[in-house]
Amino acid sequence: MVSGGPRFRVTPGASLRGELRVPGDKSISHRALMFGGMAEGITEIEGFLDGEDCLATLKALQALGVRIERPGPQRVRVHGAGGRFNAPVAPLDMGNAGTAMRLFMGLLCGQSFSSVLVGDPSLSRRPMERVARPLRLMGARIDTTDGLPPVTLHGGARLQGIDYRLPVASAQLKSALLLAGLHAEGITRITEPAITRDHTERMLRAFGVDVRQEGLAVSVTGGQRLRAVPVAVPGDFSSAAFFLVAGCLAANDGLLLRNVGMNPTRTGLIQMLQAMGGQIEIRPGDPNAAEPVADLFVRRSRLRGIRVPEELVSLAIDEFPVFFIAAAAAEGTTTVTGAAELRVKESDRLAVMAEGLASLGVRHELHADGIVIHGGPISGGRIDSHGDHRIAMAFAVCSLVASGTIEINDVANVATSFPGFATLAQSIGLPVESLP
Ligand code: S3P
């Protein structure tokens, strides 16, 4: 018997049709709030993700004295104070949001006041030294709790730019260092081991910051001001991903996903699914938008197993749970390597997906940095999501190719990234029933 919390129950064998719009991008919504708070002037955000993760960022900014209004659904108006924040009177609660915690570490470590950042039990198990260590090299004074949250940022540090090579491909780490770099003297230059999402770089440029890119190195000079600009948040590719796979599995007449963010640092899943035989048509929107968007039309496809090129891993990092479902449904074997970062997400996504696949009779071999999945028959069963939103949604999609009902426990955190998932899924024919 798996542990409690609200559940999903999904009956098998549905077929999908119609069209939908997924909610706004989580990464971009976090950044729009933070950069709005740092900027001079008023930042109008539309398409904002009203998920719990981004609301944690919103509340933390309010606790730092930033005035924020909600003029309508998915709209936010941030009154920037030019980066002049007030000292928070209590610890800032980041909830489940790794992006919030890591970016706030960079943003707040150069302030005159001290702050304490806390998170929920899942976030409290995630590594923070990878951020604290380079920030200390810049002069910040930071305590983690045995490498984990809570994190204390001591005020009054004077930051110096650094030239730093990231030990892991992480956009959160890169972004934290760039934000600290804006408060540092001189140039901060970060070199990544592989390309990661570049929303910070794109949005800082839109806010008037000179961000330089040379190959895998990105740099900023300290002391630059941000100027408020309107931000249009596209649909979250990582949320669309569930329906891209679902469409490949069960959309006989096709499924249309509208206004999906298509930043090329995010869309590795499309390449992976297409390499497996997935029929996905891309109908591009405005090519000059700061963040490109497209409508995606996907139809039921015969999928074949592949070896995933390691260079695609960081371009699809959040999509692996649902990609593993595509692999389980494919003919033949799919091999993923170079993906150890999956072990430090909202759950250990390699171990938790392997456990769930085993419960449904899917043959696989788990490795330290990846997994080999053998496509074949998939039974119904019970899945423990370990409170991880993307695991829960991935196994809901799995019901399309399972022979029995799938029940998934502990799904409350779906609201961190995809509020309304069950209702939207039902609207295109995926019968996700929410149970208390
Ligand atoms: C994110 C970066 C990625 C991703 C996370 C959001 C971001 O994490 O998994 O969901 O908004 O910068 P890492 O930076 O740890 O790779």
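Start at 1 with the first residue, then count along the sequence. For clarity, every value in this text was computed on a predicted model and none was experimentally measured. All ligand and atom numbering here is 1-based and tracks the order in the structure.
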Subject >> Candidate list Arg102, Arg31, Arg197, test side chain to side chain donor-acceptor pair (under 3.5 Å), partner Ser175, passing option >> reply: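 Of the listed residues Arg102, Arg31, Arg197, the side chain to side chain donor-acceptor pair (under 3.5 Å) partner of Ser175 is Arg31.
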Original post:
Would you call Glu40 and Arg227 a salt bridge, taking side-chain N to carboxylate O under 4.0 Å as the test?
Top reply: no
Subject >> Mutual orientation of the aromatic rings belonging to Phe243 and Phe418 [parallel < 30°, tilted 30-60°, perpendicular > 60°] >> reply: perpendicular
Original post:
So which pairs with a foot in residues 255-275 pass salt bridge (charged side-chain N to carboxylate O under 4.0 Å, His left out), sequence neighbours left out?
Top reply: Glu19-Arg258, Asp25-Arg266, Asp236-Arg266, Arg258-Asp295
Pair up each side-chain donor or acceptor in residues 52-64 with any protein partner under 3.5 Å, not counting sequence neighbours, and list the distances.
unit_1 : atom_1 : unit_2 : atom_2 : d
Asp53  : OD2    : Lys26  : NZ     : 3.4
Thr57  : OG1    : His30  : ND1    : 2.8

Original post:
For ligand 1, what are the residues with a heavy-atom contact below 4.0 Å?
Top reply: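 Answer by chain and number: Ser27, Arg31, Thr99, Arg102, Ala169, Ser170, Ala171, Gln172, Arg197, Ile317, Asp318, Lys345.
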**OP:** For Phe324, check ring pair (Phe, Tyr, Trp, His ring centres under 6.0 Å) against everything at least two apart and list the hits.
**Re:**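 Listed in chain order: Phe320.
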